[in-house]
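Structure first, commentary second.
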There are 2 protein chains.
Amino acid sequence: MKRNTWQREAVRGALDANDGFVSAQALHSALHSTGSPIGLATVYRALADLADTGDADSLQSPEGESLYRACSTNDHHHHLICRNCGLTVEIEADAVETWAKDVAAKNGFTAAAHVVDVFGLCAACTATAAASAK
Amino acid sequence: MKRNTWQREAVRGALDANDGFVSAQALHSALHSTGSPIGLATVYRALADLADTGDADSLQSPEGESLYRACSTNDHHHHLICRNCGLTVEIEADAVETWAKDVAAKNGFTAAAHVVDVFGLCAACTATAAASAK
DNA sequence: ACCTTGCTGATAATGATTGTCAAAACCATT
DNA sequence: AATGGTTTTGACAATCATTATCAGCAAGGT
Ligand SMILES: [Zn+2]
Ligand SMILES: [Zn+2]
Ligand SMILES: [Zn+2]
Ligand SMILES: [Zn+2]
């Protein structure tokens, strides 16, 4: 049976309080800074659970770290992520969905899944970068 | 200045000899098994170089490992990868390219890059899986 | 051949993630 | 509210890929 613990709530809450994708380590730090004594391993476990049940999305950062996010919908969708501040925009892309399905089928592949993420600099970070570059 | 060493050639050659994406570790093992005394750190460095110069493509496996591949073209393209045997098919997707550019621009993002990969089971592996499942 | 300087490789260090396991927390039941 | 079977936790060790060190080697220009 699956039990309810304050630790799980804490992780879920911390995820919700965050706009963009966060690493397990970052989330653990954030929780600690608010006085929570939650353990690191527990944060990892809670995040893995949330990802399993579809309550959170996860992806690999370009550096290979696992990042997690609580999304507004549990429907399949993708993300546009600021590589500087982590700001994330959820995006739908029916065109990409059908394209992925087609290209897999045309090549005889089954059980196809896909990874589609766009990384960039958000408007705010772009402005900051331009200012500091002068 | 950039020097030519047999180590670099060895890594490039080993990459070429391989159909799909490989990890640095796997490539190092493969080289060792052919009697090459090349060092692990050197394999990592050579692969990073090849990826930098566009002579190799790299991506993060779903498990977070960095994988490399020598592609037939150095033009921008994506991959359809068998998650069982590693067979890789290079795919172009102009539609996806413009979509990625558009979605970034429409949200005020600059310096946009994207990660687009399709994972599945190739025809051969699908057949094998079906047979053993019976 | 000589010299300068980039390259190599054995090894240590790093850093994220997972495994361990006794103690603590849950929760249905008494 | 106390009990007991089970799950979860958390401090810490263990993994595992990747990177940093740094002294010795070698590529290329002279
Ligand atoms: Zn930003
Ligand atoms: Zn999709
Ligand atoms: Zn296959
Ligand atoms: Zn592309």
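All chains are named by letter (A, B, ...) in the order of the sequence lines, taking the proteins before the strands, and each is independently numbered beginning at 1.
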Step-by-step side chain to side chain contact (heavy atoms under 4.5 Å, CB included) determination, Leu40(B) to Gln25(B)
CA-CA 7 Å; Leu40(B) 176 57; Gln25(B) 306 269 356; 4.1 Å; yes
Protein-to-nucleotide contact annotation, 5' to 3' order, nucleotides 25-30 of chain C [B base; S sugar-phosphate only; - none; under 4.0 Å, heavy atom]:
BBS---
Each nucleotide in nucleotides 14-20 of chain D should get exactly one letter: B, S or -. Can you fill that in based on protein heavy atoms under 4.0 Å?
---SBBB
Using modelled atom types and a 3.5 Å cut-off, is there a donor and acceptor pairing between side-chain atoms of [X] and backbone atoms of [Y]?
X         : Y         : result
Thr126(A) : Cys122(A) : yes
His28(A)  : Thr42(A)  : no
Arg69(B)  : Asn18(B)  : no

Within residues 30-38 of chain B, which residues have any heavy atom lying less than 4.0 Å from an atom of DNA chain C?
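Result for residues 30-38 of chain B: Pro37(B), Ile38(B), sorted by number.
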Side chains of [X] and [Y], heavy atoms from C-beta outward: is any pair under 4.5 Å?
X         : Y         : value
Tyr68(B)  : Leu27(B)  : no
His114(B) : Lys101(B) : no
Val11(B)  : Arg45(B)  : no

Stepwise side chain to side chain contact (heavy atoms under 4.5 Å, CB included) test for Phe21(A) and Ser61(A):
CA-CA 9 Å; Phe21(A) 279 87; Ser61(A) 76; over 6 Å; no
Report the C-alpha distance between His79(A) and Phe119(A) in whole Å, list the side-chain angles of each, state the deciding distance to 0.1 Å, and finish with yes or no for side chain to side chain contact (heavy atoms under 4.5 Å, CB included).
CA-CA 8 Å; His79(A) 299 97; Phe119(A) 292 87; over 6 Å; no
Quick one: name the residues clustered hydrophobically with Phe109(B), using the 4.5 Å side-chain heavy-atom rule over I, L, V, M, F, W, Y, and just say none if it's on its own.
Leu80(A), Leu87(A), Val89(A), Ile91(A), Val96(A), Trp99(A), Val103(A), Phe109(A), Val116(A), Val118(A), Leu80(B), Leu87(B), Val89(B), Ile91(B), Val96(B), Trp99(B), Val103(B), Val116(B), Val118(B)
What is the distance, rounded to the nearest whole Å, between atom CG of Asp49(A) and atom C1' of dT18(C)?
14 Å
Roughly, in whole Å, what's the span from CD in Glu9(B) to C1' in dT8(C)?
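That distance rounds to 15 Å.
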Apply side chain to side chain contact (heavy atoms under 4.5 Å, CB included) to residues Leu59(A) and Val115(A) and explain how you reach the verdict.
CA-CA 8 Å; Leu59(A) 59 82; Val115(A) 176; over 6 Å; no
Output all residues satisfying side-chain hydrogen bond (donor to acceptor under 3.5 Å, both in side chains) with Gln60(B), sequence neighbours left out; order by chain, then residue number.
Ser66(B)
Whether over 12 other heavy atoms sit under 6.0 Å from Glu9(B) CD
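Buried by this count: over 12 neighbours within 6.0 Å.
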Please report the end-to-end axis angle for the helix from dA1(C)-dT30(D) to dT30(C)-dA1(D), five pairs per end, rounded to 10 degrees.
30°
